[in-house]
Amino acid sequence: MAHTPAPLRFEHDALAQRIVLAPGAARESLGREIAAVGGTRVLLVVSEAEADLGARLTADLGPDVTVVATFTGVRPHVPVEVAEAARELARSSGADVVVPVGGGSTTGTAKAVTLTEHLPIVAVPTTYAGSEATPVWGLTEHHRKTTGTDPVVLPRTIVYDPELTMTLPVGLSVSSGLNALAHCVDSLWAPKADPINAAIATEGIRALAAGLPAVVADAGDVEARDRCLYGAYLSAASFASAGSGLHHKICHVLGGAHDLPHADTHAVVLPHVLAFNAAAAPEAARRIAEALGADDALDGLLALTRGLGAPDNLRDLGMPEDAIATDAQAVVDAAPPSNPRPVRAEDVERLLRTAWAGQAPTADIEERR
Ligand code: NAD
């Protein structure tokens, strides 16, 4: 059936960033990119696990750029004491630019520095989390994660180098990539969804749906790694523009309450939110299906996630069953009013129970009639 596009009426703020993507880009052009934002004294932010990689990439940044300090105390979800230690190092070393080399936790630590120290960031991502393309920061205190948006934390430049992701284990590539896919899907019904971020999100779904199965087939496939990084950027750009939809609110509540692994939680929850929203968001469902090359959005997503061997239940991730009702209420309190379907506690409880047990995602619409 021919699809009739809706009339165009929107307001869209585009984010200004320079994005470089090429195999070997971090090795070959990082120094140049740092100098281009006016950086001369680098605070390298890197986790212990990526410390050697960070040191190698920054060993020779050219005549005008030097690493003056390295912060390796990165921890997931950026605890406030970690942020404060990194800021102190930035101040005491006289750094004038922050260069995170690593995943979302590392980029998040660099953002925490910049939030107070206002230094430019040149980000070198090594996962598909996408934090590098958003102005969103997050800090955790007493097991509670606070997030905020501030244009100052948006990295000025991103250097995507697929060679750096070759060591990312297939399981982590899949969960991180599905986290990115979740950004794309959720963007389609998020509070500030518009035709531009929908186009970005749709291309992101296409790129990830092509790249991730190819990475699973051959973890050393550079072109597949390219597609995944490209998809990761698009996912974050669409999410940064459209805002957090229901899916992210659910993952945020679960992650914060039970310290669940971030990316795996996204991988499990996404099909359930899609099942919940699809009938009430036909244009989003059409786009998702088309981008996945499927007749139906949910069928396409499930075929992809199952083919990738993605985790499919919250129980195995460590979520306690007796927390479901409390979590459901917290989700209702946080749910965006713009969600295409009303978000009621009993619906979320059913959704969480289904996701917890790893049962087939359902819209449960029949039951309601
Ligand atoms: P992560 O940064 O914690 O990294 C996960 C693991 O992967 C770590 O053990 C790390 O050492 C390892 N790793 C990273 N790169 C590797 C590589 N190339 N090879 C081998 N191992 C590698 O996790 P993540 O999934 O990248 O990021 C998750 C965090 O990012 C969460 O805290 C999430 O809230 C945040 N995030 C923030 C935004 C935002 O806009 N602010 C967006 C997305 C995610």
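Counting starts at 1 for both ligands and their atoms, in listed order. The figures that follow rest on heavy atoms only: side chains count, while hydrogens, waters and symmetry mates do not.
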Review point. Quick one: CG on L274 to CG on L298, what's the gap to the nearest 0.5 Å?
Key: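 L274 CG to L298 CG: 5.0 Å, rounded to 0.5 Å.
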Check your understanding: From T354 OG1 over to H272 NE2, what is the distance, rounded to the nearest 0.5 angstrom?
Key ->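 Rounded to the nearest 0.5 Å, the OG1-NE2 separation comes out at 6.5 Å.
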Practice item. Apply side-chain contact (heavy atoms from CB on, under 4.5 Å) to S235 and list each qualifying residue two or more places apart in sequence or on a separate chain. Key: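 S235 satisfies side-chain contact (heavy atoms from CB on, under 4.5 Å) with A180, H183, C184 once adjacent residues are dropped.
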Practice item. Not counting sequence neighbours, which residues clear side-chain contact (heavy atoms from CB on, under 4.5 Å) with P195? List them please. Key: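 P195 satisfies side-chain contact (heavy atoms from CB on, under 4.5 Å) with L8, F10 only.
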**Study point:** Per-ligand residue contacts, ligand 1, heavy-atom threshold under 4.0 Å
**Key:**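 Residues within 4.0 Å of ligand 1: S47, A49, E50, H77, G103, G104, S105, K111, T126, T127, A129, S131, T134, V136, K145, L164, T167, L168, P169, L172, H183, H262.
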**Study point:** Near-ring test H266/H247, centroid separation under 6.0 angstrom
**Key:**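 Yes.
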Practice item. Just grab all the ring pair (Phe, Tyr, Trp, His ring centres under 6.0 Å) pairs involving residues 41-70, residues at least two apart or on different chains. Key: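 Those involving residues 41-70 do not exist here.
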